[in-house]
Chemist: 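Below is one structure. I have some questions about it.
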Amino acid sequence: MEGFARAVEDGLKLSKRLVLPGGLPPPRPPAGMDRGGGGGGGGDASVAALLLPSAPMAYAVVTDPGAVDTPDVPSYQPYVYGRLDPPALIPLQMKEVDLSVDCALGEAAVTVRARWWLHCITRSRDCDVRIVVPMGDQGSILGAEVTVGRRSYNTQIIEVEDHTTENAAKADSGGLLKPQLFYLTISQIEGGADISATIRWSQKLHYDNGRFSVDIPFRFPYYVNPLPKVFMKREKIQLTVNSGFSKEVLLQGTSHPLKEKGRQGEKLSFRHETTVENWSSKDFNFSYSVYSGDLSGGVLVQPSTLRDYDDRDRFCIFLLPGGGNRKVFRKAVVFVIDTSGSMQGHPLENVKNAMSTALSELTEGDYFNIITFNDELHSFSSCLEKVNEKSIASALDWINLNFVAGGGTDIMHPLNEAMALLSSAHDVLPQIFLMTDGSVDDEHNICQTVKTELISRGSKSPRISTFGLGLYCNHYFLRMLASIGRGHYDAAFETGSIESQVLRWFRKASSTIVANISIDATAHLDEFEIDSEYIPDISAKSPLCISGKYQGKFPDMVTAKGYLADMREISIELKVQHIKDIPLDKVLAAQQIGLLTAKAWLSSDKQLERKVVKLSIQNSIPSEYTSMVLLQTLEKVDAAQKVKQKLKGHKGPDEPRRIPLQGLKLGFGDRAATRENLVTGFGDVRPPETFEILNKAAGCCSRLADCLCCMCCIKACNKMNDQCAIVMTQICAALACLGCYECCAELCSGSDS
């Protein structure tokens, strides 16, 4: 994202050309961003981070600096020749913003409505506008609508087969800039125009010690604030919470002042609306708890609708670990770590750091071992080791010596070794933690082999939790393997999040308080099918959500049974509730799509693929078998406008344009990249970009000679004519207005010859 930050820095420098109403100075970029791109120190990275969007933003995409001016009050700045490649991004001023958050079970549905105006382009010109929206934890885009004058755009999910190539997308049309950072580019917007957008996404609620919380990126930089005398700013936030249970909901904290507007059953609503001098400068955070002294939960059922992919009714079993401080199972843990060549550098370093912390969190009574794999297999010990200070210290030393990246990827062999080690474990919960960044040829065989082995071991079978690093591994293979192994799946798509994500995954999977869960609903129903392969254990760190389909009639109460850490059986009575005010299909859609896609991948079942397609389309969630496109709605034009469009050379299409959006699919792994040990399978690994004027002249005046008669040409002919002087004056004016004073001085001094 360094290139994005550079483009915003250049845009802020370009905005110095603006003369704002009232004579106020234009915004300036944060101090410390070095144009030369040298050094690469942590200071530059931290300053660059300040320019990345921390709230919904819109940017003017400027390729022609001569178009930069206030729409209504010309600044009469000197004309700037040349083009910008890559373009500069000028943050647009925002007139309105409205945030709506609906929390239900473990999900939050977020809607942001905002209106910006193109304040930096003269009315006689146009440019593209890029809308960028940072989403929260495990955010998944649900849709967007944009209106500009008579034009309107909206996203739509279509089957892959429906995607025609005649309207192929440009690389920057929209999609994900990086994980959890969605963007759209709207073309040819006239200076001074208003841009209204509505963006919807879903994200996971955090859960910690009985408390749910939601964090929404909502920190707007000061330079998006329009002048207070021109625009009155009203900040609106709406929040609803529906626990789904007949339990008391307790407000724990909020970042913005919220007033409770009503309570209706398990549903609470809050609102914040006020006139502000500046838009919000902090993220929106809200936390609450559902009163529960011990393990509790419920069964939520909802009838199918005409548009469902399945005519069976839907259910969700939701179990809360409670605050009863249940004892966590003692465990025997085997870490299986990929150390192939593609893990070199930051990925492996972050895994090492996470492993060190995870080992320190094991307690006396636990057992552990570590296996690293590439083409070969290396073990810390030939057997399970007891956790104590000496063994942990020895393991840390072994990690420092043996976590060295090199070789290929072979997953089956280390998995077999780990299961063999755990076959000797008694009176503990056996667990395997697999981490890999690659995809292998025998993934289907691995799943079938592991499933057969776990079935043969019965209730003593090891739990297998999987973690995917980057985009080259097959995340559906890892999800299926975790589902078969009653474990937990997670992933990191940015190098900077690996350590924290791995630790969260490990803590969740290693904090089992109830194991071997069964539900007695099958005795009362004609059909009962869960989306996952098996019912996972209950973790003290996370609620358990089991979704699926059923046929028949649920009884009023259902019993969930399992075993505690002391091997006593526990029964949890779950009340069955027929709900109307929680859209279960929407809340559960992302989880269902992921699990069903993993099943379809393993079984090559076309009917399952069709189910995923229907789920994806009806809930507006992208999948591996569908695509999200930006649909441009035809504007209503009169005869005079049609003539004007023809004069400009615009063609009126017979049908709306479909512009495919990029980066919204994980794919099923990249075996070729794995074999070649490519290390750029992370969305944040990008070569640095530089700001360039006049055929990519990044402030280096000697390169300007490639397209103009300037310093190098002058030195070659040892003289300067009038035309050279005029051109150099224009270049100096352009560099000076962009803040390139050193380049300008060098150019001018070079002309003395």
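Every value quoted in this text rests on a predicted model; they were computed, and no experiment measured them.
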Chemist: Heavy atoms only: give me the nearest Ser497-Ala492 pair and the separation to one decimal.
Modeler: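 Answer, listing the atom of Ser497 first, then Ala492: OG-CB, 3.9 Å.
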Chemist: Please round to the nearest 0.5 Å and tell me the distance separating atom CG of Leu92 and atom CH2 of Trp116.
Modeler: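 Those atoms lie 8.5 Å apart.
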Chemist: Show the nearest heavy-atom pair for residues Pro56 and Pro217, with the distance to one decimal.
Modeler: CD-O, 3.9 Å
Chemist: With a 4.5 Å heavy-atom cut-off, do Ser289 and Val249 have their side chains touching?
Modeler: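 No. Closest side-chain heavy atoms not under 4.5 Å.
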Chemist: Any heavy-atom pair between the side chains of Phe270 and Thr254 that's under 4.5 Å?
Modeler: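 Answer no - side chains too far apart.
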Chemist: Output yes when a side-chain donor or acceptor of Lys665 lies under 3.5 Å from a complementary backbone atom of Thr626, and no otherwise.
Modeler: yes
Chemist: Decide yes or no on side chain to side chain contact (heavy atoms under 4.5 Å, CB included) for Leu176 and Met135, but give the supporting numbers first.
Modeler: CA-CA 11 Å; Leu176 292 180; Met135 300 179 289; 4.1 Å; yes
Chemist: In terms of relative ring orientation, are Phe4 and Tyr59 parallel, tilted or perpendicular, with 30° and 60° separating the classes?
Modeler: perpendicular
Chemist: Under 4.0 Å between a side-chain nitrogen and a carboxylate oxygen: does that hold for Asp194 and Arg115?
Modeler: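 Here Asp194 pairs with Arg115 in a salt bridge, since their nearest N and O are under 4.0 Å apart.
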Chemist: How close do Ala88 and Leu14 get, counting heavy atoms only, and between which atoms?
Modeler: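 Nearest pair, atom of Ala88 first, then Leu14: CB-CD1, 3.8 Å.
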Chemist: Let me see the working for Trp117 and Lys95 under side chain to side chain contact (heavy atoms under 4.5 Å, CB included), right down to the final yes or no.
Modeler: CA-CA 7 Å; Trp117 74 300; Lys95 291 182 175 182; 3.6 Å; yes
Chemist: Would you call the rings of Phe220 and Trp279 parallel, tilted or perpendicular if under 30° counts as parallel and over 60° as perpendicular?
Modeler: tilted
Chemist: Considering all heavy atoms of both residues, which atom of Arg83 and which atom of Pro65 are nearest to each other, and what is their separation?
Modeler: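 Residues Arg83 and Pro65, closest heavy atoms: CA-CD, 4.5 Å.
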Chemist: If you define the side chain from C-beta out and look only at heavy atoms, does anything of Val146 sit under 4.5 Å from Leu184?
Modeler: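 A side-chain contact exists here, since the closest heavy-atom pair is under 4.5 Å.
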Chemist: Apply salt bridge (Lys or Arg N to Asp or Glu O under 4.0 Å) to Lys204 and Glu107, showing your working.
Modeler: CA-CA 5 Å; Lys204 293 288 186 183; Glu107 297 278 336; 2.9 Å; yes
Chemist: Let me confirm one number: the CD-CG distance from Gln252 to Asn209, rounded to the nearest 0.5 Å.
Modeler: 11.0 Å
Chemist: Test your reading of the model: is there a side-chain donor-acceptor pair from Gln203 to the backbone of Gly139, 3.5 Å cut-off?
Modeler: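 No.
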Chemist: Can you tell whether the side chains of Arg125 and Asp69 come within less than 4.0 Å, N to carboxylate O?
Modeler: no
Chemist: Just so I know, are the side chains of Val112 and Thr198 near enough to count as touching, which here means a heavy-atom distance under 4.5 Å?
Modeler: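 A side-chain contact is absent here, since even the closest heavy-atom pair is not under 4.5 Å.
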Chemist: Side chains of Pro91 and Met57: does their closest heavy-atom pair fall under 4.5 Å?
Modeler: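 They are in side-chain contact.
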Chemist: Quick check for you: to the nearest 0.5 Å, what is the distance between Thr597 atom OG1 and Tyr476 atom OH?
Modeler: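 Rounded to the nearest 0.5 Å, the OG1-OH separation comes to 5.0 Å.
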Chemist: Show, in sequence, the C-alpha distance, side-chain angles and deciding distance for Cys103 and Val214, and conclude whether the side chain to side chain contact (heavy atoms under 4.5 Å, CB included) test is met.
Modeler: CA-CA 8 Å; Cys103 302; Val214 60; 4.3 Å; yes
Chemist: Between the side chains of His119 and Thr70, is a donor N or O closer than 3.5 angstrom to an acceptor N or O?
Modeler: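 Short answer, no.
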Chemist: Are the side chain of Asn619 and the backbone N or O of Ile621 linked by a donor-acceptor pair below 3.5 Å?
Modeler: no
Chemist: Would you give the length of the straight line joining atom CD of Glu9 to atom CD of Glu2, rounded to the nearest 0.5 angstrom?
Modeler: 10.0 Å
Chemist: Have a look at Ile199 and tell me which of Thr111, Ile141, Thr155 forms a side-chain contact (heavy atoms from CB on, under 4.5 Å) with it.
Modeler: Ile141
Chemist: For the ring pair Phe493 and His475, is the centre-to-centre distance below 6.0 Å?
Modeler: yes
Chemist: With a 3.5 Å cut-off and no angle check, do the side chains of His272 and Glu235 form a donor-acceptor pair?
Modeler: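 Note: His272 and Glu235 side chains meet the donor-acceptor criterion.
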Chemist: Output yes when a side-chain donor or acceptor of Asn285 lies under 3.5 Å from a complementary backbone atom of Ser255, and no otherwise.
Modeler: no
Chemist: Is the side chain of Gln156 donor-acceptor paired with the backbone N or O of Ser627 at a distance under 3.5 Å, no angle test?
Modeler: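 Not a single qualifying donor-acceptor pair exists.
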Chemist: Determine yes or no for a side-chain-to-main-chain donor-acceptor pair under 3.5 angstrom, with Glu145 supplying the side chain and Ala197 the backbone.
Modeler: no
Chemist: Looking at Ile158 and Arg658, what are the two nearest heavy atoms and their distance?
Modeler: CD1-NH1, 4.1 Å
Chemist: Could you check Glu494 against Lys178 for salt bridge (Lys or Arg N to Asp or Glu O under 4.0 Å), going step by step and ending with a plain yes or no?
Modeler: CA-CA 8 Å; Glu494 297 177 272; Lys178 56 180 270 189; 2.8 Å; yes
Chemist: Is any side-chain heavy atom of Asp215 closer than 4.5 Å to one of Phe284?
Modeler: no
Chemist: Below 4.0 angstrom, N of the basic side chain to O of the carboxylate: do Arg314 and Asp585 qualify?
Modeler: no
Chemist: What do the steps show when you test Arg123 against Asp72 for side chain to side chain contact (heavy atoms under 4.5 Å, CB included), and what is the final call?
Modeler: CA-CA 7 Å; Arg123 287 196 186 272; Asp72 301 313; 2.8 Å; yes
Chemist: Measure the CD-CG distance between Gln592 and Leu588 for me, rounded to the nearest 0.5 Å.
Modeler: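 It comes to 5.5 Å.
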Chemist: Would you check if the side chain of Ser280 reaches a backbone N or O of Phe218 as a donor-acceptor pair within less than 3.5 Å?
Modeler: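 Answer holds: yes.
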Chemist: Decide yes or no for Ile617 and Tyr625: does some side-chain heavy atom of the first lie under 4.5 Å from some side-chain heavy atom of the second?
Modeler: no
Chemist: Out of curiosity, Ser547 OG to Gln591 CD, how far, rounded to the nearest 0.5 Å?
Modeler: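 Ser547 OG to Gln591 CD: 4.5 Å, rounded to 0.5 Å.
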Chemist: Can you find a pair of side-chain heavy atoms, one from Tyr207 and one from Leu205, that are under 4.5 Å apart?
Modeler: no
Chemist: Check this for me, if you would: do Arg200 and Asp102 make a salt bridge, where the nitrogen-to-carboxylate-oxygen distance has to be below 4.0 angstrom?
Modeler: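 Salt bridge absent between Arg200 and Asp102.
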Chemist: Do Thr275 and Arg234 have a side chain donor and acceptor closer than 3.5 Å?
Modeler: yes
Chemist: Is the backbone of Leu666 close enough, under 3.5 Å, to the side chain of Glu624 for a donor and an acceptor to pair up by distance?
Modeler: yes
Chemist: Describe, in one word, how the ring planes of Phe318 and Phe212 are oriented to each other, choosing from parallel (under 30°), tilted (30 to 60°) and perpendicular (over 60°).
Modeler: parallel
Chemist: Which heavy-atom pair separates Arg219 from Ser281 by the least distance, and what is that distance?
Modeler: CG-O, 3.4 Å
Chemist: What do the steps show when you test Lys259 against Glu273 for salt bridge (Lys or Arg N to Asp or Glu O under 4.0 Å), and what is the final call?
Modeler: CA-CA 9 Å; Lys259 291 183 179 180; Glu273 183 172 354; over 6 Å; no
Chemist: Does Ser202 use its side chain to pair, donor to acceptor, with the backbone of Val110 at less than 3.5 Å?
Modeler: no
